[in-house]
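Proteins get letters first, then strands, A, B, ... in listed order; numbering begins at 1 in each. Everything quoted here is computed from the prediction, not taken from an experiment. Quick note: numbers below take in every heavy atom, side chains included, and nothing from hydrogens, waters or symmetry partners.
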Amino acid sequence: MNRLARGVTVGVGVALAVALVVALLELPAAAIHLPGTVAQHLAQSGVEHPVTAVLLNFRGWDTLLEVAVLLLALLTLLTLSGGQAAVAAVEADPLLQGLARKALPLIILMAGYLLWAGAHRPGGAFQAGAVLAAGAVLLQLAGLLPAWAAPGRLLRLGLTLGFLVFLAVAAALLGQGALLQYPPASAGGLILLIEAGLTLSLGLILAGLFLFVTGRRA
Amino acid sequence: MSTGLLYALAGVVLFALGAAGVIVLAHLLRKILAFNVMGSGAFLVLVGLAQRTGVPDPVPQAMVLTGIVVAVAATALALGLARAWHARTGRGTLTEGEDRD
């Protein structure tokens with residue numbers, strides 16, 4: 001890209017920033033009051049935390065599709081790398097290995113806590129899954145866990161379990177008239193079931209985004 | 001000016017910075033990073049605007065939570081594509097002759 005085109009692009013970027021800042025400053029107040037609506041329906045959502053209620057009850061199908069998107073990204077990555085055998089883990093620092101070994105039980109405990117806490121305070125399947133994935137990446141970097149080769153049957157099941165559980169619940173509830181409309185009495189249990197499946201699958205998917213790719217092809 | 005609005009304004013600046021970066025920077029890794037800066041800006045706008053009245057709105061927060069995870073997956077996919085491109089052509093950029101960036 002030559003200097004003129006570069007200058008013009010930077011100029012357009014500055015103009016975009018100024019225009020957006022002006023638009024934000026002039027923004028009228030929201031026409032609908034969503035926090036009020038959420039608070040109003042929170043009692044029948046099955047959970048006490050509004051963000052979890054929105055994620056898994058009021059806008060559950062967004063989350064369902066999101067998990068599908070994550071799976072799709074992982075599948076595409078696997079297609080790209082063509083299922084070559086993984087390279088053995090490199091020899092790593094014993095101090096890092098010791099630390100990773102000590103940290104792992106705490107990481108799993110933390111993920112379990114976050115999953116449970118999602119019902120009444122900030123937390124939930126996404127945070128718990130991210131913590132699990134971070135644990136797997138830490139193990140790989142410490143040389144305790146080899147990079148993953150093409151997934152076997154068990155790993156495939158783990159990767160898709162969250163999505164399948166979510167889909168099964170959605171299909172079972174179709175009789176209610178709307179997609180993912182839980183009966184208020186069993187909403188809490190269903191959300192916990194979905195979140196438990198999601199935690200495992202999201203942890204594996206996010207870890208897979210790193211572990212399936214790392215170590216291959218120097 | 002509320003703190004929430006300040007966050008949103010910072011997000012807008014990040015978004016424009018990232019958008020210019022995606023176009024100006026030639027190296028694919030830098031483009032992906034710039035794209036992430038853009039995304040972070042959009043998240044900051046959503047979260048900032050959601051609390052500009054003082055009461056946090058859970059709906060945009062849930063959207064951002066969803067968006068962050070999708071952004072991680074999209075970044076991983078983009079990095080995978082860039083790797084495959086590099087393995088196939090030996091280049092870090094899309095057009096030839098711009099490797100110096």
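- Contacts of A/Val69 with chain B are made by side-chain atoms alone, with heavy-atom separations under 4.5 Å and no backbone atom involved.
- Atom CD in A/Glu195 sits 10.0 Å away from atom CG in A/Leu202 (nearest 0.5 Å).
- The minimum heavy-atom distance linking A/Ala100 with A/Leu144 is given by the pair CB-CD1, 4.1 Å.
- The greatest number of non-hydrogen atom pairs below 4.5 Å with chain B, out of A/Asp62, A/Leu72, A/Leu20, A/Leu206, is found for A/Leu20.
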>> I'd like to know whether A/Trp116 forms a side chain to side chain contact (heavy atoms under 4.5 Å, CB included) with A/Arg121, so could you lay out the CA-CA distance, the side-chain angles of the two residues, the decisive distance to 0.1 Å, and finally the verdict.
In response: CA-CA 9 Å; A/Trp116 184 251; A/Arg121 62 182 67 195; over 6 Å; no
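- Summarising the geometry of A/Val169 relative to A/Tyr182, their closest heavy-atom pair is CG1-CE2, 4.0 Å, with the distance given to 0.1 Å.
- The two residues B/Leu25 and B/Lys31 come nearest to each other via the heavy atoms O-NZ, 2.9 Å.
- Between the CD1 atom in A/Ile194 and the CG atom in A/Leu64 there is a gap of 8.5 Å [rounded to 0.5 Å].
- Your options are B/Val13, B/Leu77, B/Leu79, and the one with the most heavy-atom pairs under 4.5 Å with chain A is B/Leu77.
- For a heavy-atom cut-off of 4.5 Å, chain A lies close to B/Leu49 in residues 40-49 of chain B.
- Proximity to chain A among residues 58-69 of chain B is limited to B/Pro58, B/Val59, B/Gln61, B/Ala62, B/Leu65, B/Thr66, B/Val69, judged by heavy-atom separations below 4.5 angstrom.
- Nearest approach of B/Gly21 to B/Ala34, heavy atoms of both residues: C-CB, 3.8 Å.
- Looking at every heavy atom in both residues, A/Gly208 comes nearest to A/Leu74 through C-CD1, 3.7 Å.
- Here the CD1 atom belonging to A/Ile205 is positioned 13.0 Å from the CG atom belonging to A/Leu211, to the nearest 0.5 angstrom.
- Annotation: residues 127-138 of chain A contacts chain B through A/Gln127 [non-hydrogen atoms, separation under 4.5 Å].
- How far CG of A/Leu161 is from CG of A/Leu198: 9.0 Å, rounded to the nearest 0.5 Å.
- For the atom pair CZ of B/Arg52 and CG of B/Leu6, the computed distance is 14.0 Å after rounding to the nearest 0.5 Å.
- At least one cation-pi condition fails for B/Arg83 and B/Trp85: the charged atom is not both under 6.0 angstrom from the six-membered ring centre and inside a 45 degree cone around its axis.
- Note: A/Leu70 CG to A/Ser201 OG = 10.0 Å, rounded to the nearest 0.5 Å.
- Within residues 37-54 of chain A, the residues having any heavy atom closer than 4.5 Å to a heavy atom of chain B are A/Val38, A/Pro50, A/Val51, A/Val54, listed by residue number.
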> Stepwise, does the side chain to side chain contact (heavy atoms under 4.5 Å, CB included) test hold for A/Trp148 with A/Leu78?
Replying inline: CA-CA 11 Å; A/Trp148 290 348; A/Leu78 280 174; over 6 Å; no
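- The local environment of CZ in B/Phe35 is sparse, with at most 12 non-hydrogen atoms from other residues, nucleotides or ligands closer than 6.0 Å.
- Contact count versus chain B (heavy atoms, under 4.5 Å) is highest, among A/Val10, A/Val67, A/Leu27, A/Val14, for A/Leu27.
- Within the 4.5 Å cutoff, the side chain of A/Met110 has no heavy atoms near those of the A/Leu106 side chain.
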>> One pair to check against side chain to side chain contact (heavy atoms under 4.5 Å, CB included): B/Leu28 and B/Thr93. What are the steps and the verdict?
In response: CA-CA 5 Å; B/Leu28 284 174; B/Thr93 59; 5.7 Å; no
> Would A/Leu56 and A/Phe166 count as a side chain to side chain contact (heavy atoms under 4.5 Å, CB included) if you check the C-alpha gap in whole Å, the side-chain angles of each, and the deciding distance to 0.1 Å?
Replying inline: CA-CA 10 Å; A/Leu56 284 149; A/Phe166 209 156; 4.0 Å; yes
